[in-house]
Structure formats: C-alpha cells, structure tokens
Amino acid sequence: LAQALCLKSDILSCEQDLDDAIALLRRAIDLTPDGLPQKLDRLCRLSEFLFQSYQEYTPKPGYAEDAVRIMKTVVGRTPDGSPKKPKRLHVWGRALMSRLKICGADQDIADAVAALRRAVELTPGEDSELWDRLDSLGAILLARFERFGEIQDLEGAVEAFRRGLDLAPEGKQASFLLEHLGGALLH
C-alpha cells in the first residue's frame, strides 16, 4: 500500500499521499522483526520516500536527518558482497546531499563523495542504474568544487557526467546529464 501511495503521489503530485506512504512504511518497519532481510529493504525504501518528500514538497523538519541516519544504519548492516550494497550506498549519498543543502556540513560532502564513489565502484558496468549513480557522483563532486575550489573535483564531476551520459537511456535521463555536464563545463 505504501508503494502504491508513493506512485500515486508521483503521478498526481499529492504530498498527502507521500506522507501517508511514509506513515504506513514506518508502521510496517515497526512490525518487521529485526534480522529479517525485508527490514533493511523497507528502511531503504523509507529513506527514499523521506528524500523524495524533502526534494519535491515542503521540507519537513527531520526528514533529511532521518534519511541519513536510516541509510547509515542500512549501509552498515549490508554485507560488502551484497548486490544491494551499491543501491544502498547511492541512497545514503543522496540523503547526505539533501542534508547538505540544509546544514552545509563539510563532513556531509566528504561522506557523500565516499559513499557515491563506492556505489559507482561496486555497480557492474551493465547495470541499468550506473548512469544515475554517476550523475549523483558528478553532482557531489561539483558541489565540493564549488565549496573548496579543488580543480580535481571539477575534473571528476565532468568525467562522471560524461560516463553517465554514455550509459543513460535516451530521453529525460540523458537530458539531465547533458544539463549537468554543461553546467560543469561552464566552470
């Protein structure tokens, strides 16, 4: 039900549906015994919902912080060899990026870069999500360049955006990467 409400929220742009999905997912997590793999999956999904709510609607106090805290726990409990590790690192890195917009902590930049680099490293080359992880890595490297002025971050951002563009499906995804790459090249 939570997933359906989130999808409905995407289609109809209804903030209340996403809030209801978050509440239902929190309840499902509370009812899921510790140790079941589904608990980590549900926690990851909750973090994604919190991140989506923060990005698309009125930011609610604590949502970005909750998303970061949840994903730090999920990543820490996910074994290194797990095929779910790259996605979870990506979600954690994006949650850190959203919190960065609120508090601007240098540590969030460092942690996001590390998480997103690791997500890209662990993602197989044929994975259909690699382009998105490269886009996120490019975005955080560009943010770090804008904060600290280190040229290697700008070069890394451009490289990540170019690699992502080579892998992105035609259409909306490719247009985002082209826009991000263009922005980086303007620096």
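- Using a 4.5 Å cut-off between side-chain heavy atoms of Ile, Leu, Val, Met, Phe, Trp and Tyr, with links allowed through other members, Met71 and Met97 fall into different hydrophobic clusters.
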Would you please test Arg162 and Leu185 for side-chain contact (heavy atoms from CB on, under 4.5 Å) and show each step? CA-CA 11 Å; Arg162 282 188 170 145; Leu185 290 170; 3.9 Å; yes
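- Within the 4.5 Å cutoff, the side chain of Gln173 has no heavy atoms near those of the Asp132 side chain.
- Contact check for Arg42 versus Gln38: side-chain heavy atoms found under the 4.5 Å cut-off.
- Considering every non-hydrogen atom in both Pro169 and Trp131, the closest pair reads CD-NE1, 3.7 Å.
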Can I get a per-line list of side-chain donor-acceptor pairs under 3.5 Å for residues 110-122, giving both atom names and the distance, sequence neighbours left out?
from	atom 1	to	atom 2	distance (Å)
Asp111	OD1	Gln107	NE2	2.7
Arg118	NH1	Glu121	OE1	3.2

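- Looking at Leu154 and Leu141, their side chains never come closer than 4.5 Å, going by heavy atoms from C-beta outward.
- Linking Ile, Leu, Val, Met, Phe, Trp and Tyr residues whenever their side-chain heavy atoms come within less than 4.5 Å places Tyr63 and Leu25 in a single cluster.
- Between atom OG of residue Ser98 and atom CD of residue Glu65 there is a gap of 9.5 Å, rounded to the nearest 0.5 Å.
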Begin with the C-alpha distance, continue with both residues' side-chain angles, and end with the deciding distance and a verdict on side-chain contact (heavy atoms from CB on, under 4.5 Å) for Leu177 and Leu181. CA-CA 6 Å; Leu177 278 155; Leu181 176 58; over 6 Å; no
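- Annotation for Lys72: atom NZ does not count as buried by contact number, only 12 or fewer foreign heavy atoms lying within 6.0 Å.
- At a threshold of 4.0 Å, the pair Glu150-Arg144 does not count as salt-bridged, since none of the basic side-chain nitrogens sits closer than that to a carboxylate oxygen.
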When you look at Glu129 and Thr123, which way does the side-chain contact (heavy atoms from CB on, under 4.5 Å) test go after all the steps? CA-CA 8 Å; Glu129 297 298 315; Thr123 302; 5.6 Å; no
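- For the pair Leu40/Arg45, no side-chain contact is recorded, criterion being any heavy-atom separation below 4.5 Å from C-beta on.
- Using a 4.5 Å heavy-atom cutoff, the side chains of Leu134 and Phe161 are not in contact.
- Annotation for Arg147 and Leu100: closest pair NH2-CD1, 3.9 Å, computed over non-hydrogen atoms.
- Nearest heavy-atom pair across Val158 and Ala184 is CG2-CB, 3.8 Å.
- The hydrophobic clustering, which links ILVMFWY residues whose side-chain heavy atoms are closer than 4.5 Å, places Leu46 and Phe51 apart.
- One finds a salt bridge joining Asp66 and Arg69 here, because a Lys/Arg side-chain nitrogen approaches an Asp/Glu carboxylate oxygen to under 4.0 Å.
- Between the CD1 atom in Ile22 and the CD atom in Glu48 there is a gap of 11.5 Å [rounded to 0.5 Å].
- At most 12 heavy atoms of other shown residues, nucleotides or ligands fall within 6.0 angstrom of atom CD in Glu170.
- Among all heavy-atom pairs drawn from Ala21 and Phe49, the shortest one is CB-CE2, 4.0 Å.
- Note that NZ of Lys39 is 4.0 Å distant from CG of Asp34, once rounded to the nearest 0.5 Å.
- Counting heavy atoms from C-beta on, the side chains of Arg26 and Leu50 come closer than 4.5 Å.
- Considering only heavy atoms from C-beta on, Arg133 stays 4.5 Å or farther from Leu137 through its side chain.
- No side-chain heavy atom of Asp153 sits less than 4.5 Å from a side-chain heavy atom of Leu142.
- Cluster annotation: Leu165 and Phe176 are assigned to distinct hydrophobic clusters (Ile/Leu/Val/Met/Phe/Trp/Tyr, side-chain heavy-atom contacts under 4.5 Å, transitive).
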For residues 86-94, which side-chain donor-acceptor pairs fall under 3.5 Å, sequence neighbours excluded?
from	atom 1	to	atom 2	distance (Å)
Arg88	NH1	Thr78	OG1	2.8
Arg88	NH2	Asp41	OD1	2.4
His90	NE2	Ser136	OG	2.8

